[in-house]
Every structure is written in structure tokens, then in C-alpha cells.
Chemist: 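So that we are looking at the same thing, I have put the structure below in C-alpha cells.
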Amino acid sequence: MATAGPLLVKLANYEGNPEIMLLAVRALTYLCDLVPRSADELVRHEVVPVLCGKLLAIEYLDLAEQCLQALEKISKKQPVPCLQAGTISAVLSYIDFFSTSVQRVALSTVANVCKKLPLDCSSLVMKSVPALCNLLQYEDRKLVETVATCLIRITESFSSSSELLDELCSCGMINKMLRLVAVDGQVSLSQTTYVGLIGLLTKLASKSLLAVRTLFDLNISNILRGILVASDTSHGTPYSPLQDTQPNQVQEVLKLLNQLIPSTSRDSEDIQLVLAKEKVIADEPLFLHQFSANILPAAIQLVNSGVNLYVCYCCVSIINNIVYFSTSDMLLDLLKNTNISSFLAGLLARKHEHVLFLTLKIVETLMQKLSGVFSSPFIKEGVIYAIDALLIQNDCSQSLSQQSSCSGSRLVVRDSSRCLCNAFNVCYSSSETKTCRLGKDAVRNLAGHIKATYFHNESANCGMGLTEILKKLKTYCAELDDNGNKYLTNDVAEKEDYLSDILGQVLRELSSGDTMSTFEFIESGVVKSLAHYLCNGRYLQGYTGSHNSLNHSLSVLTRFQTFAAISLSNSGMTWEDLPLTSFVRKLQSALSSVDNFPVILSHNFKPRNVLVDIPVKHTTMNPCLRVRFIREEGEESIGDCSEVLTVELSCTLDVIEGYLWPKINGNKNHRQAEPTGEDIESVDFASGSPCPVGRNHEDASANIVQKRPISDLPEILNFQGQTLLVDTGAKTGEIIIEKKSRPSSSSQRCGQNRKDLTSSKYDEHPNLIFAFEGKHLNRSLTLYQAILQSQIKVEPDMCLGPKFWNDIHKVTYKRAEPMMSCAKLSSDTSESYLFWEKIGFSWHKLSFFSSLLLAELPCKLDRLNPSYDILFMMKILEGLNRNSFQLLSNDKSIAFAQGRIKNVDDLSVVTSTIPQTQFISTKLTDKLEQQMQDPLALTTGGLPLWCYELTAVCPFLFSFEAKRKYFRLAVFGSSENQYPRQMHSSNSSSISNNERWSQTGLSQRKKFKVDRNNILESAAKMMGSLAHSKAVIEVEYNEEVGTGLGPTMEFYTLVSREFQKNGLGIWREDRSTSINGSEFVVAPFGLFPRPWSMQTSVSNGIHFSDVIRKFFLLGQLVAEAIKDKRMLDIPFSRAFYKVILEQEIGIYDIQSFDPELGKTLLEFQALVNRKRYLVSDPRVNKGDPFYLCFRNTRIEDLCLDFTLPGYSDYLLTSGSDPRLVAIDNLEEYVKLVVNATIKDGISRQVEAFKSGFNEVFPLKDLQMFTEGELERLLCGERDTWDFGQLLDHIKFDHGYTASSTSITNLLEIIQSFGCDERRAFLQFVTGAPRLPPGGLAALNPKMTIVRKHCTNDMDLPSVMTCANYLKLPSYSSKEKMRQRLLYAITEGQGSFHLS
């Protein structure tokens, strides 16, 4: 090599023969590729000048391309010699002559050279910067990203020289870069490059005054505002913890913003630049006003969304700078639409001293400039109350410091342990330690100064007359609290009227505009008092009795109806004017203000092999707790276990006890051994949650008989909790129901008590009591959650670092005292059943009403948590809103019974319900999104306790998108946006359940061949063999070549249609013969199961056993579609979705799927109520012959009999000859019709559906969704498309751009499509007639349209459905395109062949 190198260099410069030069340069390239160190030797023999000379001469294009290849190899090892030889200039001189692939090589060479740029060689770089900037306009993404990398490296190398940075700015670099930084341009860049560009601008602004002026001139604040708002609303990943290895775009944006507006403290090392920046904004006030108008609202919105401490501090710093440099008039204009007082009061509830100090500085500045404007709002919104609280604390700074040091001994709290004084220092490294510039008593001193200077007068303390609302509310609350229990006095009716009066006044105060502040609302205690009133005086002390007390139940129901009547009274108003709406909005504001649910983020989490001791010895890639279990002092009856053990994050205390007890207990009659692998399968130990994330299908289907296709199924079907024996040999219709117990599925609903998961292995009462830091641990939590709960109280803004996992956590244990057994109170006694039957609706079965009866939320949240009362009331109001139709209908029925309504036509109810979006908490949704983005949560499912509790108890607080991601994470151990995971264990037999799910679950795919002509039979065979599989199922058709996403999506569409055919006997609207020529069931209000009598096994030639099989298969397919994220095109009714979600349905729900029957039944029920009232009240005139008539007709004259309307073979009573309906038995008739329609008549079909569903995953996991959300999850979106939406979410490639004439024509054609044409187009391109949840933007892969080269207009468009890929010819006219497209989408369905 020593002799070959110089010779090759000489031959490369051999001018006489181009071929020799080409071969020599190629040899040099291969040499550097095979022996990288040879580049050092070649550089010494002047190879770089030779290659650069050939590039500049560019006599032979192939030689120039080969020179670029060689330089790219050499520059990796020798960047500085390449720079000194003029490589950058040579490479860029004729870059436009080369193809895109060669251009990429050329720019890769420049990027290599820019890795090490000495300051003394700056001139060699600067002259090429304009050329690099021009390349930013190219369309190739990789090329643009490489150019951006070059410029980032150049800026970093010269960041210490303000002169060089000014020169970079003068080259027009900022202008070119802002086009990429804008939100519209972000899509084409990787996250790393995008963040790097923002960081480049930050470095320029930190040292170059010219950069600051340029950025202001180009209105940079508008672009940055777009990034902040987009990050906040898209729930992306802007709130990850501060990490040096993965910079965050929001944090970089905030750093840039803080460099544009100089710091008020003026503690920068370059004080001259700070003063110069101040002069810029002083000379150009328009710059500051424009900047503030864009950034101030975005910063406030960002903080309110629940960001981490670092981002919060950055935002508050920006706000402080804006307020400091703005004039009084400017502040009035900026803050006119912002409740800055409430915002500052919320910040003062934070515990971090840096945030507190900046907030107090803002308060002080506002009082200095606008004391007359802000004095009253600061009192009204609780700012002064918060300052008083700071002053009351003894040595606030010392207390915070002690808490930080205390927590630091156990974990890495990155946000708090590192001083934030240097947060905006561009050159600051996390490894550096600098003295905190914030004085020890700075917060307390500043708070005292503000109070003494601006709020020393007595008038300030009395509220300047603005606390009258607060005083009035406190008076009302006292009345509600004192008279809460309905049965403490004798004059019950009089007291209830009085309390109803008070209630009305409270709701009027709450809905009287915006005069009441959030602080006044919280401080008044109105939420707790209303809860106390609604719970019949049980809420404040907690209700310890049985909720079966009929007097208590009746009182709660009466008060609830009174409250509903007042809060839903609209008098023709829209939902926005309802008292309920105002109440909900105030609760939302209060929840955002007092919310203290933490986002616990992991720092530098990297999967690695860990040997686990508990539950069983195995290896895992997830972090584990290191725990030393110590016997409590004085406990001598059990042994000691002092060794350090590793415990998986999901281990419950029951599981830990099962491991420890055999080791420390000398009595062998107790639990015999530690759990075996078989035992462990009943609980998933990798979830880190109160419920398993993965699941064991063998357990979940232990009693499922079916393991074969439906067609081969014996006449035995297992339902959830029962076995149905269909005896075909017995008499027609003889069906035997045999009840048998079924083991609990291993995937229980999140948030439930997990004792039932281990009850089969362990005793009912624990043998051990565990404690951490002197406090007994709640057995319903995992040990990981219990430790987190303890740490959060010390440091709310905690972030899990390596120290947390390396430290040893000490947990003490002692023998548990024997517990006295007590009889459990039944929740469904016969007396209670009769009571609710008489009421007419099982209110007690509704989750929110059950909470009212029990006066508590069914969760483990601490009642002392300031959010608890608000969450309780939100749950009640959301339930009230969802059941407003039932409540208002009941009111109308009572009014009709009492004669206040004369005509049954006046019984109809028009409800103005509040949209469900009003109950969504933006802040909690953002927090859940942030938590689910954490790598630890993604790999283990280990989320904080509040995530499980709130999604289970108050799921309405979260958006559909957030719940959908949480559902997939909790049930399948995956999230749409999760990072790639590498979960490979050296011992495959010891992988935990969740890791098995990650490795062999949704990432695996299994193919299944189906017969297009026998879809249902094929579906039954497929589910018979793959229902228990965790793999994604892909379908291919017999004798067709297509496979993958497209055919699979079409399969689910075809199955959906098969289930909607007439003659199956499964839907209400099913008829044996087609109607209007359609072979499908026509159900304008959605499909609902057809009722089947217990005595009927065959009807119109349809066997009931076949109906059961169909529902069983339907349940399997629905679950599989949800698991695999496929769309079904089947229009279930809202009532059937409620049945699927196991929600209570009653007479009021019938109207939703059969309006005529539902309306008639409600009118009959109103007559029944009138008859009851007539009997109970002797004062009513009984002489009116039409008083108990139905539309002036006697019930007897309607000629109704006791058969189910629409089903003459369904007898409602025993006997072959049905009785006639009269006024005396009308109540019985209504109850029987309702029971047959939505209860007994469909119960077996529903159980079959549930049983089939549970074969795939537990149905209970869906209960966080509403009916509408479940429809979106299963069937996708029905959104319409506008031109802009189509343009934004469709990719154009290979001959087409967004501005192509053919594309414009196509989008206009698609936009003009009707519903059926749009469905056909979607089916043609994607395989499914509906879009996934999220609409066109959520389509994956993205819909792509490319040019299909054709010779004439007769060619048709073709598709690749697996990639959502449309190949469209360029037709001569728009009309011709429309004709050929419609022909293709209508005639091209039904097969998959090569296109």
C-alpha cells in the first residue's frame, strides 16, 4: 500500500488518458473504503488537491463523479486537510450538473469537512455559505437535511465569534432557514435536523445583534408561535424531560425566544450585547409588540397544559421579560383578552423557588406599571392569598432546599436538583456546576415587599367590595351543609323546598356571567356543599352504611332530579346558556387550577438485561426496583429477609407476600411455596399497572369450548359466566341454561382492586403488612406505585434517573393481625330490585349514580386531594348530561300524571345536551399524552396511579385520541407513536408476559386464505384457529395474487355486509324477503338485536342456534378488528353500543333504534303513572272518561294483545292464547314489552357476542369509551373533505405535484363526490369504505397519487391498496377523468390482481 498510494495519485493526475485517471480514482476510492487509515497516507501525497482540480476542471463527468466518491471517503478521516485544499468550494462549484444521488455524495463530503472547522480557516468556508443556502430550496429531503447539517456545524464551530456569525447572517442564511423552520416545512425534515435548525438560530441570536434584528424583521415570533401551538394541540413529544442526547424542539424554541428578548436580570457575561438588544426593542417598539402578541398567549397556553418544570420556567421567564420591557399601554392591549391574574395565582401554587421568584417579579412589575388595573383582580383571583401563604411558611427557601436534598438522596430529580439560573445559557453544559444566583430568602423577601408596598391597606384585605359573591356563596353553602340530611327533621317537604330554593340561587350565581373568579369558586366550598346535598348529607363525613337503604336511595334520586330540573332548565336557550354549562366550565377552570397529578418521566432510560427475583427468577429488559425487605422492630414471630431483591414494576404486594411468606414463616401449613410459572400466568408482571397490560389467552378462555370453525361447533356454547346447551334433539325451542363459574381473565380492567387476581392462590386476608418510610402501603397498589406516591409528595416535578433504579429501597414488614370476617352487604336485594322496578329505571346501576349513593368515587384517589371534590362533581354532571333525556322525559311523565300536561303529544322532549367535548380536560389530556410518550411507560406500561384511576372512573376527562392510545398501551402493550423497542432476552423461557406480547404480539403477522364466495364460513374458520393469537391477521383470497393491508381491509368490509343481509334473523329490521329490492337489512337508526322468545327455537325457517353462532362470530370479528386496527362497515345502533359497553339501558333507549315503538311505550308509561296518581290522590277528578285514554281512545279499544309488537310469534305471557291489553294491565304490558325488547329477548344473543369478543381480549377494556367513541374506534370516521384537507394529507409523487392540473382536477372531483361515491373511492384505494379514527390524516400509509403513463384516455386508474397508492393517468379533461375514475371504482371492486 505504501507504494500503491503514491502511484495511484500520480495516475489520477495523468492528463493524457481519461480512462486511466478514472480507474486510478476508482482504485483510490476502493482503497479508502477497504482500508480507511490509508486516507492519511494519501493526504500526505497531495491526493486532495488532485481530486479538487479534476472537479474544478470537470472535463469528464464520470471522472468528476468518481472524484466526489473518493473525496467523501477521505474527508471522513482527514477533514482539515480537505478544508485547507479547498474541497468545499470544489465540491459545490458544479453541483447542479450531477444527478441527485451524486449531489448527496457531494454534500456528505461537505458535512464531513465541517465537523472540525478551525477559526483561522473561516474564509475557506464563508465563501461557500451562499451556495449552501441556495441548496436549501431543493426538493430532495436527504439533500436538504445534509445541507442543514453543514450549516449547523459551521455555526457551532464559529459560535464564539460574533463577527463570523454576523457574516453568516449577511449571507441570507436566516431567511432561507425560516422557510424550513415554519410548521408547514417541518414535515420534510427529521426531528433531529429540525431541532438542530432551531438551535442554530438560537446560537446566532445569542451572539449576533444582526441576527436578532433579522429575526425580528422576518417576524420570527409568528413562526415560533405556530410551533408552540402545534406542539401543544398535536400532543406530540414536546414535553420530554431535559435530555442532552435527545434535544427537544419546544425547549429549543423557548431558548431562542429567551435570546431574542434580553433578560431583565442583565447577568449575562456579554453585557454589551444585552444592552444592544434592549436598544433594538426600545428603538423599534413594533418589534416588541409583535413579538409579545404572538408569544404571550402561546406561553400561557403551554404552561396551562401541564408542562414539566423546565418548560414552565422558560415560559414564565419569557412572560417576565415581555412584561418588564412593555409599556403600560402595550400591556393593556396585550392582556385585555387574558386572565393574567388567574394564571399568576396558579403559578404561585408551584413549589419551585425559581418559578415562584419570576412569578412574583411579574406581579411586582404589573403593580408598578398598572396598579389601578390589577389591584382588584389580584385580590379576586387569589394572587394575594397565595402571597400570604408564602409569607406564612417558615423560611420558605430553606424548606424547599431541605425537600430537594431529601429527595435527592433517593432519586434523580433533574428538573429541581439542577439550578435553573443557567437554563438559557447556550454554551452551558449539564456537567458544569455553577452557583445559584437566587438568594436564600429571595422569594420570601420579594413576597413581603409586594404585600407591604401595594397591599398594606385594610381595604385590600376586605376585597374592596369584590368578595360579596364569595360571602354569598359561603352563606348558601352553610345552609346546604347544615340541612344536608333529609331525615334529620320532621318537616321534610318544607325543608326540601327551602333547599331547592337555595340550590336555584347557587346555580344562578354560578351562571351569572364571568363575575365569579376561579379562586372565589374554589374558596367558597360550593362544590363540596353541592356534593353533600346531592348525597343526602353523606358526603362530608363519608357514607358508611349500605346504599340499599331505600329511604336514602329515594332521597338521593329526588334531589338529583331536582338538581337536574334546575340545571337543565333552558326555556328555549341553547346548551351554551344552560346553568349546567356554566357549572361545568367553572369546574374545568378549578380543576386546571388545583390539579397536581404529576407526569413522571424517566431520564436516560435504556433497555438492558436485568435479573429479576420477584415474582420468579428470570431476565427482563425493563428496569426493576432494588428492594431490601426488613422485618419491623419488635416483630419476632416471623423470620428476617435482609437480602436485596429485584422486583418487577408490576408486582403487587400480594405477589411479594407470596414470595416472602414461605421464606420467613416457620409454619408450613401456610402458603406452601413461591408462585410457580403456572401461577404467574394469572397476572401480567410486566405492566407496571394495577391491571395487566399483556394477557394470557389460555386463562382468558379456559371455559371456551370452541376451538374449531363455527360450522363444526357442537351444540354447546360458552358465554361469559354461563354455558348454553342447545339441545337439537330435544323438543323445539328447549334451551337449557347451565350456570358455572369462570376464572377471572388475566386482563382485568385498569383501576380495579387486584385482590381478585390472586384470590385463587392466596388466602382472603393478608399475612403481612408492608410499610415504606413509616407508612403502611395500600395493597391495591403495586410496590412501584406506592414508592412513587411517596416520592411525589416530596417532589411533584420528579424525574426518574439512574439513581432511582440503583438505590436500594427499604420496605418493612410485619405479621398482619387476624381480621374479623363480616358479612358483605348485597347490592341487589329483592327489596331493592322491586324498588327500582317501581321507579321505572335502574339508576343505581349507572356508575355516576352509584357514586352518589355511596358518596365517593370508586377509586383509590385520596379524598384529601384538592381535585377529588371537583372530579366527583364532574362525574355526576357528566352522568346527568348523558341521561338528560331520561330525566326530562320522566319530568314530563310526572307532569302528565298530575294533569299539568293534557296531551300526550306534549310528552316529547327536545334536549339541549352539552357536547361531550366540554367535559374534556385539556390539561389532563396533555398530561396523559406526555406520560404515554415516556420510554419507560411504553416498554413496561408503568404509568402513575392517577392514569389508571382517572381513565377508569372519569374517562370523559380525556380526548378520544388520548384514550385510544392509552387503550392500546394498556391492553396490547403498544402505542401508535411509541419508539422502536428491542426486547430480546437471553432466556426466552423466562420472558415476562408483557415482553412476550411485545415480541410475538402485534409485531407478528399471520396470513389466512379465504373464499370470496363464502365469506362468513371463511371468517368462522379463521377465528376458530386464530382468535387466541396475538398476531395481526392478514387475509388473502383464493386464486387471487393480492395480499396484505388492502385485501384484509376489504375482507372486513365484505364480512360487515354479510352480517347485514336479510334472512339471518339477528337484527330487528330483518325480513325473510328483501324490501325495495335490497338484500340487506334497512336500519335507518342502526342495527339492534332481534328479540327471540325463550320458547322459540325456529322462526321463518331460521334456527336460533344459528343466530347464536352468528353473534358469537360477530363478537370475535369485532374484537379482532379493534385489535388489528381494521375498520368494520356495520352500522350498530347507539343502544347496541351501550349493550356492548355493558351500560344500563331502559325504556328510554328504545326510541333511539325504534322511534315509533319507543314513543308509544313512553306514552303508555305516562298513562300508567297517571293511573297511579289517580289512585293515590283522592282529590283528583275521576269523572273525566278520557282521563285515562290514549289519544281519546280507550286502551281496550286499541285491540292490543300480549304479543311483542312486530313479532306475532313472541308471546309475552304464558299460554297459547294471549290476553288483550286493558288499562288495568297496561303497566304489566309495558314492562313485558320493554323486557322482551332490550332484556330477556336479546340476552342470549348479547352473551354470545360477549363470549366471542372475550376470546380475543376482554370486553371490559372498552368501557372507557362512550358509544360514539366506540363507533369511531370500530368503524372509523365519516368526515367530509374540503380541498385544503385533501391537499394537506395526500402525497403526490412520481410525475405529479400539488400544483399539477391533473391533481387539481382529481381533488375537485373527489370533493364533489356524494356519500356513496366517496365510500366507493375509499374502498377502491384503501380496501375499506371508511377512514380510520383521525380521518384522512390518520391513514397509514399516507394516501399517495402518482402518474400512470398511458397512451390515451381509455386507460383506467389502478391502485395498490396495501400502500393506499393510486396510479392516475393524466387525462385530457376533467370530465374524462371523472368518467374513467367512476368506472374504475364501481367496476374494479371484488378482486385483487396485478396492476
Chemist: Other residues, nucleotides and ligands only: do more than 12 of their heavy atoms fall within 6.0 Å of CD on Gln137?
Modeler: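 More than 12 within 6.0 Å, yes.
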Chemist: If you measure from the Lys or Arg side-chain nitrogens to the Asp or Glu carboxylate oxygens, is any gap between Glu41 and Arg44 under 4.0 Å?
Modeler: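 Result for this pair is yes, salt bridge flagged.
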Chemist: Does anything in residues 95-110 form a side chain to side chain donor-acceptor pair (under 3.5 Å)? List the pairs, not counting sequence neighbours.
Modeler: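 Found Glu72-Ser108, Asp96-Tyr138, Ser99-Ser101, Arg104-Asp140.
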Chemist: Less than 3.5 Å apart, any donor N or O on the side chain of Asp1293 or Thr1344 sitting next to an acceptor on the other?
Modeler: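 Short answer, no.
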Chemist: Taking it one step at a time, do Ile95 and Leu107 satisfy side chain to side chain contact (heavy atoms under 4.5 Å, CB included)?
Modeler: CA-CA 9 Å; Ile95 193 170; Leu107 287 168; 4.0 Å; yes
Chemist: Any idea which heavy atoms bring Leu8 and Ala24 closest together, and the distance?
Modeler: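 Closest approach of Leu8 to Ala24, heavy atoms only: O-CB, 3.7 Å.
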Chemist: Given the rule in the side chain to side chain donor-acceptor pair (under 3.5 Å) test, do Ser292 and Asn294 qualify, once you have shown the distances and angles that lead to the verdict?
Modeler: CA-CA 5 Å; Ser292 304; Asn294 284 322; over 6 Å; no
Chemist: Distance-only, no hydrogens or angles: does the Lys10 side chain make a donor-acceptor pair with backbone N or O of Gly5 under 3.5 Å?
Modeler: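 Judged by distance alone, no pair lies under 3.5 Å.
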Chemist: Do Val25 and Tyr30 have side chains that get closer than 4.5 Å, going by heavy atoms?
Modeler: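 No. Closest side-chain heavy atoms not under 4.5 Å.
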Chemist: Specify whether Phe291 and Phe216 have parallel, tilted or perpendicular ring planes, treating 30° as the upper limit for parallel and 60° as the lower limit for perpendicular.
Modeler: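 Phe291 vs Phe216 ring planes: perpendicular.
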Chemist: Nearest heavy-atom pair of Val47 and Leu28: which atoms, and what distance?
Modeler: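 Nearest pair, atom of Val47 first, then Leu28: CG2-CD1, 3.8 Å.
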Chemist: Yes or no on side chain to side chain donor-acceptor pair (under 3.5 Å) for Ser190 and Thr193, after CA distance, side-chain angles and deciding distance?
Modeler: CA-CA 5 Å; Ser190 68; Thr193 305; 3.0 Å; yes
Chemist: Less than 4.5 Å apart, side chain to side chain, heavy atoms only: is that true for Tyr1296 and Ser1370?
Modeler: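 Yes, their side chains come closer than 4.5 Å.
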Chemist: Quick one: are Leu275 and Lys279 in side-chain contact, heavy atoms under 4.5 Å?
Modeler: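 Not in contact.
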Chemist: Any heavy-atom pair between the side chains of Lys54 and Glu59 that's under 4.5 Å?
Modeler: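 Glu59 does not reach Lys54 side chain to side chain.
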Chemist: Passes side chain to side chain contact (heavy atoms under 4.5 Å, CB included), Thr202 versus Asn258? Steps please.
Modeler: CA-CA 9 Å; Thr202 304; Asn258 272 287; over 6 Å; no
Chemist: Given the side-chain rings of Tyr94 and Phe97, with only the six-membered ring counted for Trp, is the space between their centroids under 6.0 Å?
Modeler: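 Aromatic pair counts; centres sit under 6.0 Å.
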Chemist: Out of curiosity, Arg213 CZ to Leu218 CG, how far, rounded to the nearest 0.5 Å?
Modeler: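 Between atom CZ of Arg213 and atom CG of Leu218 there are 13.5 Å.
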Chemist: On a heavy-atom basis, which atom in Leu135 and which in Val144 lie closest, and how many Å separate them?
Modeler: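 Distance-wise, the nearest heavy atoms are O-CG2, 4.1 Å.
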Chemist: Flag the pair Met177 / Leu136 as yes when at least one side-chain heavy-atom distance between them is below 4.5 Å, and no otherwise.
Modeler: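 Yes, side chains in contact.
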Chemist: Regarding Ser221 and Asn219, is there a side-chain donor-to-acceptor distance under 3.5 Å anywhere?
Modeler: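 Ser221 vs Asn219: donor-acceptor pair found between side chains.
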Chemist: For the atom pair CD1 (Ile154) and CG (Leu164), what is the distance rounded to the nearest 0.5 Å?
Modeler: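 That separation rounds to 11.0 Å.
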Chemist: Where do Lys176 and Asn134 land on the side chain to side chain donor-acceptor pair (under 3.5 Å) test, with the steps shown first?
Modeler: CA-CA 8 Å; Lys176 299 285 175 45; Asn134 289 331; 3.2 Å; yes
Chemist: With a 4.5 Å limit on heavy-atom distance, are the side chains of Leu71 and Val113 in contact?
Modeler: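 No; the side chains remain at least 4.5 Å from each other.
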Chemist: Can you tell me how far OG of Ser75 sits from CG of Leu51, rounded to the nearest 0.5 angstrom?
Modeler: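 It comes to 11.0 Å.
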Chemist: Looking only at side-chain N and O atoms, does Thr1301 offer a donor or acceptor that is under 3.5 Å from a partner on Thr1304?
Modeler: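 No.
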Chemist: Can you check side chain to side chain contact (heavy atoms under 4.5 Å, CB included) on Leu117 and Leu83, steps first, answer last?
Modeler: CA-CA 8 Å; Leu117 294 175; Leu83 172 66; 3.7 Å; yes
Chemist: Quick one: does Asp934's side chain have a donor or acceptor within less than 3.5 Å of a partner on Leu601's backbone?
Modeler: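 No, Asp934 side chain to Leu601 backbone: no donor-acceptor pair under 3.5 Å.
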Chemist: Once rounded to the nearest 0.5 Å, what's the spacing between atom CG of Leu31 and atom NZ of Lys73?
Modeler: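 Between Leu31 CG and Lys73 NZ, I get 12.0 Å after rounding to 0.5 Å.
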Chemist: To the nearest 0.5 Å, tell me how far Leu151 CG sits from Arg153 CZ.
Modeler: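 Taking CG in Leu151 and CZ in Arg153, the distance rounds to 11.5 Å.
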Chemist: Are Arg26 and Gln69 packed together at the side-chain level, in the sense that at least one heavy-atom pair is separated by less than 4.5 angstrom?
Modeler: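 No, every pair of side-chain atoms sits at 4.5 Å or beyond.
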Chemist: Which heavy atom in Ile1345 sits nearest to a heavy atom in Ile1290, and how many Å separate them?
Modeler: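 Heavy atoms of Ile1345 and Ile1290 come nearest at CD1-CG2, 3.7 Å.
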Chemist: At what distance, to the nearest 0.5 angstrom, does CG of Leu168 lie from CD1 of Ile174?
Modeler: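 So the gap between those two atoms works out to 9.0 Å.
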Chemist: Scan Val229, Leu228, Ile227, Ile223 and name whichever one has a side chain to side chain contact (heavy atoms under 4.5 Å, CB included) with Arg225.
Modeler: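 The option that passes is Val229.
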Chemist: Taking all non-hydrogen atoms of both residues, which atom of Ser206 and which atom of Leu273 are closest, and how far apart?
Modeler: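 Shortest heavy-atom separation between Ser206 and Leu273 comes out as O-CD2, 2.9 Å.
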Chemist: Please step through side chain to side chain contact (heavy atoms under 4.5 Å, CB included) for the pair Gln259 and Lys203, ending with a clear verdict.
Modeler: CA-CA 9 Å; Gln259 291 298 331; Lys203 287 182 174 64; over 6 Å; no
Chemist: Check step by step if side chain to side chain donor-acceptor pair (under 3.5 Å) holds for Ser1300 and Ser1302.
Modeler: CA-CA 5 Å; Ser1300 299; Ser1302 294; over 6 Å; no
Chemist: Check for a donor-acceptor pair, side chain of Ser161 on one end and backbone N or O of Phe158 on the other, with a separation under 3.5 Å.
Modeler: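 The answer is no, because no donor-acceptor pair under 3.5 Å joins these two groups.
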Chemist: Can you tell if the side chain of Val125 reaches within under 4.5 Å of the side chain of Cys121, non-hydrogen atoms only?
Modeler: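 No, side chains not in contact.
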Chemist: Give the minimum heavy-atom separation between Cys169 and Ser208, together with the two atoms involved.
Modeler: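 Heavy-atom minimum between the residues: SG-OG, 3.9 Å.
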